[in-house]
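Below is one structure, written out as structure tokens; comments come after it.
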Amino acid sequence: KLNKLRPITSIRYFLVGSNHAETKYRVLKIDRTEPTDLVVIDDKHVYTQQEVRELLGRLDLGNRTKIGQKGSSGLSRAVSAFGVVGFVRFLEGYYIVLITKRRKMADIGGHAIYKIEDTNMIYIPNDTVRITHPDEARYLRIFQNVDLSSNFYFSYSYDLSHSLQYNLTILRMPLEILKTETIQTRPESFDIFEDEGLTAQGGSGVFGICSEPYKKYVWNGQLLDVVKNTVHHDWLLYVIHGFCGQSKLLIYGRPVHVTLIARRSSKFSGTRFLKRGANSEGDVANEVETEQILCDASVMSFSAGSYSSYVQVRGSVPLYWSQDISTMIPKPPITLDQADPFAHIAALHFDQMLQRFGSPIIILNLVKEREKRKHERILSEELVGAVTYLNQFLPPEHAIVYIPWDMAKYTKSKLCNVLDRLNVIAESVVKRTGFFVNRPDSYCSILRPDEKWNELGGFVVPTGRLQTGVLRTNCVDCLDRTNTAQFMVGKCALAYQLYSLGLIDKPNLQFDTDAVRLFEELYEDHGDTLSLQYGGSQLVHRVKTYRKIAPWTQHSKDIMQTLSRYYSNAFSDADRQDSINLFLGVFQPAEGKPHLWELPTDFYLHHKNTMSLSQTRRSYTYWWTQGVLNHLPLPYDEVTCTENRRKLIVKKFHKYEEEIDIHNEFFRPYELSSFDDTFCLAMTNSVRDFMPKNVGIDPSPFTVRKPEETGKSVVGNKSNREETVLQRKTAASAPPPPSEEAASSSSEDDSGTDKEDEGAVSQRSTPVKMTDTSDNVKITEIVLALFDLYFYPLLLHRFVQLGQNQHKQDKSSQQLCSKHHLDGVINIIHISSFSQDNIYEVQPPKVDKKSIDIFHAHIQAGRGTMQPLIKEDILMYREYIRNRYM
């Protein structure tokens, strides 16, 4: 959290940042007397709350217009914010971009992921030194056309630019390596207890790792480069663009969070017809990495919890090709701009993928194969030639796999089922790549092995499984067909993920189940959002369209989306492209250069070889980066080597420091919380939103149900429609629900203690509109009725069934008050001979001696007899005092 303060003297800005508990602070000083340069001073010191109050008090006193005059304040608050996006300069001085509103979108292992809701740009130089330029205002408007409140995400403690597999892999680095890599820095805060030597006790150190972000998926990297080497890394907040959604899947009351994160590449980024193919460095247009994360929400820590993820990629065909939009026709002809007989561009692209994902790289090409007039087939023929050329130099076991499939042809056929064919492809792909899971195979999968599970690929390690390789899906636009294909692959991977966590007995998921409906809704929101960003409209063809169960009104909606996409491509894409080029730093304004709006094309901005020739030429045969093949099928970025260790910042923390205390970070015990504002209760829920009302004795989210039995349709068929209006809206089209907004205040005393509003609501939650004044009472009654209807009968009936299975005794022999009956209740007969694999097993609790001693000490303390404190208790108390009050 940031508190922005401005002196009346207009000489400098002070940027005061704090942690969530507001016990530790950092201060940045920004000079306002430089008209064109950025001067930022960071003393790298960690202040306590008392110290920062004294510092601001001295600054206020020293900057008053008249010494001793109480009415004139020397320091005033300019804005409160939640993070710094970066610094940017056009033709005048620098601006600072601040996040002023945020909304929580997901939670992974106790790490919150936020969506930017609003930003504020503040001009740094004061009016006395400002040098005006007539074109500054136009550049500012172009820059602000990139709507930062539209699908930009950040996290304070989780690296969104990397996959979960990468983030958890570096956490498992050997301790010996961490000790050698630990940075030697001076103490950043004063330890009042260091004279007693308590902090040097053995076993109290915890190693923290901070990795460099993956630059391809960071969108504000250029904005932070100007201060990257000047300020502490805690100030650097990296932002990704794409999609983030999270839903809760309840399996007999056990919460499982399904998260979908899409990272859009910032390289060769742009709009539909203006960015096609690849640039000279192998970066392709519309490249998006989609990761689905499954976690058992009952345990949130990365070390003790169960987490699984699967990654797949979409992107334009990696060739030099384009489409001429000057003809104003819906489908401009495809032209190959340059001949590439040695597949140089494709080699650069697949080399990047081998480094990040390992092998095999599987290409699923969905473009048309048979056409009356050669159009899409041009791309297929060139791509086949490039893959064939590159494969002849790779080892056969690591060769690029090419799967062509004309999806449009199968869709038109009445005899073929598109999704059945995609399901076969998905099964073969997931079996080859495997998926990531951070725990070893379950005991039940060893006792009852599944044929499909035994054929699963990937890389098995003692701590779980690693995904090796990735599926790369493309059509022409990489929108409609690609999203459906990715959904089918994701659905297949989701079944394996659930099976690996012991949540289903076979790695299969059927359509029309609550789990698949929840996952399909996530993917539709994901597809609509990505389609709006690249194509200018939502999806035209959805999963229901290819299942051929879409309602008759869907055809008219598809026509409207097609027209919207055509209008956006024809009239607004050029302006959007200019904004993206300016925001990403592809074009940097300067005196004497042509302005951005004067350029006839941006081709040379994205292709660096047009401005200068490379001094070194890559080999036509050994086209991969040195060292990549030595570690395949593992990705080179995840192996432990000297080059990768240089990307890590390792620091030793004390085990009681708040920075590594996940419990305090997540639950905020020092703040007043409300259940109504809790994110995990507001997200989409499989029981509330998808389970039918008349579920009977089958509450499983894996049971096939009729389409009219879903929870949404039951609520929608209420007789009194005027009371409750429920309407699902996608992430791209829904109006923004209440978000966190930084509170502004000019009070000097509470400058460091403003509490943030945690009114976080799921982006995909269902808005409710009520008509009379008794709405709150009615909503409460409906929720209580649904709770009583769904949970109490199900739990009671379920446990009655368990009791019948476990106590097959004659009723006449049961005495309610007899000791024999109590013994029978405790000594329950196991259903299975394998106690570790028996989820219905009930055993008496086992309490160790340490817990018994703690309990007895608690009883004695209640009677007034206090036990002497051990050194560990004294250390914990003093760490609490130091962090909280000192």
Side-chain angles (χ1 to χ4, degrees), residues 271-278 284-286 314-341 343 346 363-388 402-422 424-425 472-486 488 531 534-537 539-548 550 554-570 573:
T271 54
R272 184 185 177 199
F273 285 129
L274 298 179
K275 285 293 166 284
R276 295 294 212 189
V284 297
N286 194 23
R314 69 172 68 182
S316 187
V317 179
L319 304 169
Y320 278 132
W321 66 280
S322 62
Q323 288 180 277
D324 185 12
I325 59 174
S326 61
T327 55
M328 295 293 289
I329 58 178
K331 288 186 178 182
I334 294 175
T335 57
L336 294 173
D337 298 330
Q338 295 183 27
D340 193 6
I363 303 172
L364 178 57
N365 186 18
L366 302 176
V367 303
K368 297 178 182 178
E369 297 289 339
R370 295 183 180 180
E371 299 173 298
K372 295 181 180 178
R373 181 176 59 87
K374 209 176 192 182
H375 183 62
E376 296 183 9
R377 187 155 54 97
I378 299 174
L379 301 178
S380 293
E381 294 174 353
E382 288 294 321
L383 184 58
V384 169
V387 172
T388 304
Y402 179 76
I403 305 175
W405 189 58
D406 191 343
M407 189 171 176
K409 172 188 172 184
Y410 276 81
T411 305
K412 296 176 182 178
S413 174
K414 296 182 180 180
L415 302 177
C416 300
N417 190 317
V418 175
L419 299 189
D420 284 348
R421 174 59 180 161
L422 277 177
V424 174
I425 297 175
R472 186 195 190 279
T473 309
N474 73 268
C475 49
V476 176
D477 295 325
C478 301
L479 297 178
D480 303 334
R481 287 174 282 181
T482 298
N483 197 72
T484 301
Q486 284 195 332
M488 290 301 298
S531 182
Y534 182 66
S537 74
L539 291 174
V540 176
H541 302 299
R542 303 174 180 272
V543 176
K544 290 184 176 62
T545 305
Y546 291 103
R547 289 186 68 193
K548 300 180 180 178
Q554 185 65 40
H555 184 63
S556 60
K557 294 180 181 179
D558 292 347
I559 295 176
M560 292 304 298
Q561 293 298 336
T562 303
L563 293 176
S564 174
R565 186 175 294 182
Y566 175 73
Y567 175 84
S568 176
N569 299 154
D573 277 4

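The figures here come from the full heavy-atom set of this structure, side chains too, leaving out hydrogens, waters and symmetry mates. Since this is a predicted model, take the numbers as computed values, not measurements.
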Check your understanding: For L366, does its backbone N or O pair with a side-chain atom of R481 as donor and acceptor, under 3.5 Å?
Key -> yes

Study note, to complete from the structure: Output for pair (N286 CG, N474 CG), nearest 0.5 Å, gives 10.5 Å

**Study point:** Nearest-0.5 Å distance, OG1 of residue T411 to CG of residue N417
**Key:** 10.0 Å

Check your understanding: So, for S316 and C478, which heavy atoms are closest and what is the spacing to 0.1 Å?
Key -> N-SG, 3.8 Å

Revision key, fill the gap. Nearest heavy-atom approach of A278 to P318 is CB-CA, 4.1 Å

Check your understanding: What are the two closest heavy atoms between Y402 and S380, and how far apart are they?
Key -> OH-O, 4.0 Å

Review point. Any donor and acceptor pair, going by atom type alone, linking the side chain of Q323 with main-chain N or O of P332 inside 3.5 Å?
Key: yes

Review point. For W321 and G277, which heavy atoms make the closest approach, and how far apart are they?
Key: NE1-CA, 3.1 Å

Revision key, fill the gap. Taking every heavy atom of Q486 against every heavy atom of R314, the minimum-distance pair comes out as OE1-NH2, 3.0 Å

Study note, to complete from the structure: Correct closest heavy-atom pair for A485 and T473 would be CB-CG2, 4.1 Å

**Study point:** Salt-bridge criterion met for R370 and D406 (N-O under 4.0 Å)
**Key:** no

**Study point:** From L336 atom CG to L379 atom CG, the distance as rounded to the nearest 0.5 Å
**Key:** 7.0 Å

Practice item. Output the distance between atom OG1 (T484) and atom NZ (K544), rounded to the nearest 0.5 Å. Key: 11.0 Å

Practice item. Decide yes or no for D477 and R276: does some side-chain heavy atom of the first lie under 4.5 Å from some side-chain heavy atom of the second? Key: yes

**Study point:** Interatomic spacing from CG in L422 to CH2 in W405 - rounded to 0.5 Å
**Key:** 4.0 Å

Check your understanding: Looking at E376, K374, H375, which one forms a side-chain contact (heavy atoms from CB on, under 4.5 Å) with I378?
Key -> K374

Review point. Side chains of T335 and D324: is there a donor and an acceptor less than 3.5 Å apart?
Key: no

Check your understanding: Quick one: does L419's side chain get under 4.5 Å of V543's, heavy atoms only?
Key -> yes

**Study point:** Under 3.5 Å donor-acceptor, E371 side chain and R377 backbone
**Key:** yes

Exercise for review: Could you tell me whether the side chain of C475 reaches within less than 4.5 Å of the side chain of M407, counting heavy atoms only?
Suggested key: no

**Study point:** CA sep, side-chain torsions, deciding dist, call: V476, K368, side-chain contact (heavy atoms from CB on, under 4.5 Å)
**Key:** CA-CA 9 Å; V476 176; K368 297 178 182 178; over 6 Å; no

